[in-house]
Engineer: 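Could you have a look at this structure, given as structure tokens, before my questions?
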Amino acid sequence: MELVRNKVVMVTGGAGSIGLACAIMLAQNGADSVYLVDIKDIETIVAQKQIEQYCPSLCIMQDVSDEAGVDRVFDIVSQNGHTIDILVCAAGIYTTTNTFETSMEDWDNVMNVNLKGTFLYARRALQTMS
């Protein structure tokens with residue numbers, strides 16, 4: 001996968017099954033470094049260790065729906081001398097209750113992570129991608 005070689009990657013939801021699988025695949029195929037963003041602390045650290053078998057990695061604990069947190073994450077990337085070449089928005093949550101029992105708070109949480117988080121990270125990454 002020549003398109004990945006020497007690229008800086010960011011994966012939101014990097015501790016989850018889909019995010020981690022994407023991060024590992026990109027690292028195995030020559031990514032320069034991988035930034036994992038997730039709200040789960042222990043799981044993200046474990047994920048980072050798996051990625052570091054292939055390339056340098058950094059885990060950043062952050063709620064993807066927190067707009068101020070997005071700038072914090074990109075500031076960390078910049079402080080490490082990087083800009084993001086590849087963004088994978090894999091953060092996602094769901095509720096297991098049926099529609100009648102789903103509270104507005106649960107609905108808002110799902111929309112904030114799945115939609116708002118994707119929008120915030122894509123918007124911010126596009127500002128620095130060439």
Side-chain angles (χ1 to χ4, degrees):
M1 236 201 248
E2 201 58 37
L3 294 174
V4 176
R5 192 159 314 285
N6 301 320
K7 301 293 184 184
V8 177
V9 175
M10 178 183 287
V11 180
T12 68
S17 56
I18 294 171
L20 180 56
C22 290
I24 290 172
M25 185 270 305
L26 291 163
Q28 288 174 331
N29 283 280
D32 179 64
S33 57
V34 175
Y35 290 87
L36 302 170
V37 180
D38 207 301
I39 200 166
K40 302 173 198 153
D41 52 2
I42 301 301
E43 291 93 335
T44 309
I45 293 167
V46 170
Q48 177 185 358
K49 299 287 186 216
Q50 292 179 47
I51 302 301
E52 286 181 339
Q53 296 176 54
Y54 308 102
C55 71
S57 178
L58 181 65
C59 62
I60 304 169
M61 271 42 118
Q62 185 62 57
D63 176 353
V64 296
S65 67
D66 176 9
E67 189 170 2
V70 176
D71 287 333
R72 176 184 158 298
V73 168
F74 279 85
D75 286 347
I76 292 169
V77 172
S78 179
Q79 290 165 5
N80 281 288
H82 292 130
T83 57
I84 299 302
D85 299 305
I86 299 170
L87 173 67
V88 178
C89 293
I93 61 171
Y94 60 93
T95 179
T96 58
T97 57
N98 65 43
T99 302
F100 299 113
E101 296 172 349
T102 300
S103 69
M104 285 311 299
E105 181 181 2
D106 287 343
W107 175 256
D108 287 342
N109 286 336
V110 169
M111 294 298 110
N112 283 336
V113 171
N114 298 0
L115 298 177
K116 181 181 176 185
T118 298
F119 169 75
L120 292 172
Y121 276 80
R123 180 178 69 177
R124 184 62 173 81
L126 287 170
Q127 293 172 4
T128 59
M129 290 179 168
S130 50

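When a residue number appears, it is its place in the shown sequence, counting from 1. Everything quoted here is computed from the prediction, not taken from an experiment.
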Engineer: How long is the span from the CG atom in D75 to the CG atom in N80, to the nearest 0.5 Å?
Structural biologist: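 Rounded to the nearest 0.5 Å, the CG-CG separation comes to 11.0 Å.
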Engineer: Kindly give the heavy-atom pair with the smallest separation between G14 and A47, and that separation in Å.
Structural biologist: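 Looking at all heavy atoms of both residues, the closest pair is O-CB, 3.8 Å.
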Engineer: Less than 4.5 Å apart, any side-chain heavy atom of V64 and any of N112?
Structural biologist: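 No; the side chains remain at least 4.5 Å from each other.
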Engineer: If hydrophobic clusters are built by linking Ile, Leu, Val, Met, Phe, Trp and Tyr wherever their side-chain heavy atoms come under 4.5 Å apart, do I76 and L120 end up in the same one?
Structural biologist: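 Yes; L120 is reachable from I76 via cluster members.
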Engineer: Do V46 and I51 belong to the same hydrophobic cluster, where Ile, Leu, Val, Met, Phe, Trp and Tyr are linked whenever their side-chain heavy atoms lie under 4.5 Å apart, directly or via other members?
Structural biologist: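 The answer is no; the residues belong to distinct hydrophobic clusters.
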Engineer: Same cluster or not: I18 versus L20, using hydrophobic residues (I, L, V, M, F, W, Y) connected whenever any side-chain heavy atoms lie under 4.5 Å apart?
Structural biologist: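 No, separate clusters.
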Engineer: Does M111 share a hydrophobic cluster with Y121, counting links as ILVMFWY side-chain heavy atoms below 4.5 Å and allowing steps through other members?
Structural biologist: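 Yes, it is one cluster - the side chains of M111 and Y121 are joined through contacts under 4.5 Å.
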Engineer: I'd like to check F74 versus V70 (side-chain heavy atoms, cut-off strictly below 4.5 Å). Are they in contact?
Structural biologist: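 Side chain of F74 against side chain of V70, heavy atoms only: contact under 4.5 Å found.
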Engineer: I need the Q48 CD to S57 OG distance, nearest 0.5 Å.
Structural biologist: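 It is 4.5 Å, given to the nearest 0.5 Å.
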Engineer: Quick one: does L58's side chain get under 4.5 Å of L36's, heavy atoms only?
Structural biologist: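 A side-chain contact is absent here, since even the closest heavy-atom pair is not under 4.5 Å.
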Engineer: Checking the side chain of D71 only, and the main-chain atoms of E67 only, is there a donor and an acceptor separated by less than 3.5 Å?
Structural biologist: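 A pair under 3.5 Å: no.
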Engineer: Is atom CD of E105 surrounded by more than 12 heavy atoms (other residues, nucleotides or ligands) closer than 6.0 Å?
Structural biologist: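 No.
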Engineer: Roughly how far, to the nearest 0.5 Å, is SG of C59 from NZ of K49?
Structural biologist: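 It is 8.0 Å, given to the nearest 0.5 Å.
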Engineer: Could you state the interatomic distance from OH (Y54) to CG (L26), rounded to the nearest 0.5 Å?
Structural biologist: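 So the OH of Y54 and the CG of L26 are separated by 12.5 Å.
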Engineer: Taking the inter-plane angle between the rings of Y35 and H82 on a 0 to 90° scale, is it parallel (under 30°), tilted (30 to 60°) or perpendicular (over 60°)?
Structural biologist: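 It falls in the perpendicular class, over 60°.
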Engineer: Between C89 and T12, what is the shortest heavy-atom contact and its length?
Structural biologist: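 Minimum heavy-atom separation between C89 and T12: CA-OG1, 3.2 Å.
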Engineer: Show the nearest heavy-atom pair for residues A23 and V11, with the distance to one decimal.
Structural biologist: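 Answer, listing the atom of A23 first, then V11: CB-CG2, 4.0 Å.
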Engineer: Drop me the distance from Q50's CD to I24's CD1, to the nearest 0.5 angstrom.
Structural biologist: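 Output value for this atom pair is 4.5 Å.
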Engineer: Testing the basics here: between R72 and Q62, what is the closest heavy-atom pair and its distance to 0.1 Å?
Structural biologist: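 That would be NH1-OE1, 3.4 Å.
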Engineer: Is there a donor-acceptor contact under 3.5 Å from the side chain of N6 to the main chain of D32?
Structural biologist: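 The answer is no, because no donor-acceptor pair under 3.5 Å joins these two groups.
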Engineer: Between V73 and M10, is any pair of side-chain heavy atoms under 4.5 Å apart?
Structural biologist: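 Sidechains of M10 and V73: in contact.
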Engineer: Could you pull out the closest heavy-atom pair between A125 and L87, with the gap in Å?
Structural biologist: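 In this case the closest contact between A125 and L87 is CB-CD2, 3.8 Å.
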Engineer: So do the side chains of I84 and R124 get within less than 4.5 Å of each other, counting heavy atoms only?
Structural biologist: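 No. Closest side-chain heavy atoms not under 4.5 Å.
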Engineer: Would a 4.5 Å heavy-atom cut-off, applied to side chains only, mark V113 and I39 as touching?
Structural biologist: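 Sidechains of I39 and V113: no contact.
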Engineer: Are V37 and I93 joined in one hydrophobic group, where the rule is that I, L, V, M, F, W and Y side chains link up if heavy atoms are under 4.5 Å apart?
Structural biologist: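 Yes, V37 connects to I93 through the hydrophobic network.
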Engineer: What is the minimum heavy-atom distance between V34 and A27, and which atoms define it?
Structural biologist: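 Residues V34 and A27, closest heavy atoms: CG2-CB, 4.2 Å.
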Engineer: Just verifying a value: how many Å separate N29 CG and R5 CZ, rounded to the nearest 0.5 Å?
Structural biologist: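 It is 7.5 Å, given to the nearest 0.5 Å.
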Engineer: Answer yes or no: is there a side-chain heavy-atom contact under 4.5 Å between D38 and E43?
Structural biologist: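 D38 vs E43: side chains apart.
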